[in-house]
Undergrad: 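Handing you a structure now.
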Amino acid sequence: MAESRFNADELFMKAKAGDRRSLGRLVTMIESGYFKTAEANKAILKFDSNTILVGITGSPGAGKSTLTSQLIGSIRKSDKTVAVIAIDPSSPFTGGAILGDRIRMGEHAMDSGVYIRSLATRGQLGGLSAAVPEVVKLMSSLGFDFIVVETVGVGQVEVEIVGQADTTVVVVNPGWGDSVQANKAGLMEIADIFVINKADRPGAQETARDLKSMLELSQSMAWLPPICQTIGTDGTGVQDLLDEILRHRQYLVDSGILNQKVFSRTKNELLSLVNENILNRATTYVDSVEGSDLIKSIIEGSDDIAGAAETLFTMIVKGL
Ligand SMILES: Nc1nc2c(ncn2[C@@H]2O[C@H](COP(=O)(O)OP(=O)(O)O)[C@@H](O)[C@H]2O)c(=O)[nH]1
Ligand SMILES: [Mg+2]
C-alpha cells in the first residue's frame, strides 16, 4: 500500500512536469482500481473549479470523435489545454471505433497541450462510472483547462457519466428519426447544447426545426439549449460550438448553478468515500469468526437481520 502511494505521488509529479507515460500509468491505475479512491484523494487529486468539463454524447457514428478533434483545434487556437476521455464500453481497446478515434485525433498526438485517452474496459458493475470521475479529477489536478468526455449516448451508465459534466453537448444528424431517438434515450433532458452534425447532408434545417419545437414543448427553462449546425469533417460551425460552450459556462457561473454543481459533486464524493469506508470495515467484520456467528444467528432466527445490521453499524461507528 505504502509503495503504491509513493508510486502514485511520484507519477503525478512527473505527469505534472509533462511526462505522458506517467500520466498514462496513473490513468491505468485508476482504471484497474489499483489506485484507490481514498488514497488518491488524500494524496493528490482535487477537482479545480476552473476546469471546463464538457460531455459529448450521441449515437454511434454521429460524428462525436470527428467533432471532438475539431474542437481540440479550436481550443488550442485560444491557447488553452485540453484532455479528452473517450468512452466506448462496447468496443475493446483494439476495436475499430477506438482505433478510428486515435487516427482521427492523431494530428494532435504531438501537442503537449492535448491528452487523449480511451477508456474501453467496463470491468465490474459500476467500474466505468467509478473510474471516469477519478480520471476527470486527475486531468483537472494536472491543470488541463478543458476536459472533454465523449460517450456513446446509449445505456444508463453512459448517460449518467455524461450527465455529470458541467456542459453536455448532444450530437444528432439530419433526419427526424435521430432527434426522436435522442428524446427516447433521455438525452433531451441532459442537453445543454444540441449539435446537428453532418449539416452537409439534406434535412439539417428540418431537424433544427423539429428539435426547436421539442424543446419549446418542455417546460420553460432559464437556459434554452442552442442548436448548432456543424460539418465535422471540415470544421464548419465548430468555432460556433466552442462559443456556445463558453456562453453556457458563463451562464453557469452567473446563475450560481456552477457552485451548486461543485457542491453536489463534492457531497456525492464525500458520501461515496464514507460508503466505501463503512463497507470495507463491515466486510472485514462479517468475514471474521464473530461475523460468521452473527450471520448464523440470523439464519437460525435468533437475530433479525435489520437489528444485526444496526448493531454492526454502531460497532463500526464506535470503531469497535
Ligand atoms: N458527411 C459527413 N460525415 C461526417 C461528418 N462528421 C463526421 N463524419 C463521418 O462520420 C463517421 C463517423 O464519425 P465519428 O466521429 O467516428 O462518429 P462517433 O461514433 O460519433 O465518434 C466518420 O466516417 C466521419 O468521417 C460530417 O459533418 N459530414
Ligand atoms: Mg467516437
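When a ligand or atom number is given, it counts from 1 through the structure's own listing order. The first residue in the sequence is number 1, and the count goes up from there.
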Undergrad: Any idea which atoms of ligand 1 are less than 4.0 Å away from a heavy-atom of Lys64?
TA: 15 (O), 17 (O), 18 (P), 19 (O), 20 (O), 21 (O)
Undergrad: As an exercise, identify every atom of ligand 1 less than 4.0 angstrom from a heavy atom of Thr66.
TA: 7 (C), 13 (O), 14 (P), 15 (O), 24 (C)
Undergrad: Which one holds for Ser65 and ligand 1: side chain close, backbone close, both close, or neither close, with close meaning a heavy atom under 4.0 Å?
TA: both
Undergrad: Going from OG1 on Thr68 to CD on Gln70, what distance comes out if it is rounded to the nearest 0.5 angstrom?
TA: 10.0 Å
Undergrad: State plainly whether the residues Glu134 and Lys137 are in salt-bridge range, i.e. N to O under 4.0 Å.
TA: yes
Undergrad: For a quick test of reading the model, state the closest non-hydrogen atom pair linking Pro174 to Gly203 and the distance between them.
TA: CB-C, 3.7 Å
Undergrad: Heavy atom of Ser59 under 4.0 Å from ligand 1?
TA: yes
Undergrad: Angle at the Mg ion (ligand 2) between OE2 of Glu150 and OG of Ser65, to 10°?
TA: 80°
Undergrad: Could you pull out all residues at least two apart from Arg265 that satisfy salt bridge (charged side-chain N to carboxylate O under 4.0 Å, His left out)?
TA: Asp166
Undergrad: Measuring from atom 11 (C) of ligand 1, which candidate in Gln229, Arg201, Lys198 has the nearest non-hydrogen atom?
TA: Lys198
Undergrad: Can you pull out every salt bridge (Lys or Arg N to Asp or Glu O under 4.0 Å) where at least one residue sits in residues 222-246? Sequence neighbours excluded, please.
TA: Glu244-Arg247
Undergrad: In terms of atom number and element, which parts of ligand 1 are under 4.0 angstrom from non-hydrogen atoms of Glu150?
TA: 21 (O)
Undergrad: If you measure every N or O of Gly232 against every N or O of ligand 1, does any of those distances drop under 3.5 Å?
TA: yes
Undergrad: Against ligand 1, does Gly61 come closer than 4.0 Å with any heavy atom?
TA: yes
Undergrad: Do Leu53 and Ile85 sit in one hydrophobic cluster, given that two such residues count as connected whenever their side-chain heavy atoms are within less than 4.5 Å of each other, even indirectly?
TA: yes
Undergrad: Strictly under 2.8 Å, is any N, O or S atom of Thr66 next to the Mg ion (ligand 2)?
TA: no
Undergrad: In this structure, which one of Asp145, Ile147, Leu246 forms a side-chain contact (heavy atoms from CB on, under 4.5 Å) with Ile52?
TA: Leu246
Undergrad: Got an N/O contact under 3.5 Å between Ala62 and ligand 1?
TA: yes
Undergrad: List ligand 1 atoms under 4.0 Å from Ile231, heavy atoms only on the residue side.
TA: 27 (O)
Undergrad: Is Gly63 in polar range of ligand 1, meaning some N or O pair under 3.5 Å apart?
TA: yes
Undergrad: Can you tell which part of Asp200 has a heavy atom less than 4.0 Å from ligand 1: side chain, backbone, both or neither?
TA: side chain
Undergrad: Taking atom NZ of Lys212 as the centre, report whether more than 12 heavy atoms of other residues, nucleotides or ligands fall under 6.0 Å from it.
TA: no
Undergrad: Which ligand 1 atoms, with their elements, are less than 4.0 angstrom from a heavy-atom of Pro60?
TA: 19 (O)
Undergrad: Answer yes or no: are there more than 12 heavy-atom neighbours, outside Arg249 itself, under 6.0 Å from its atom CZ?
TA: yes
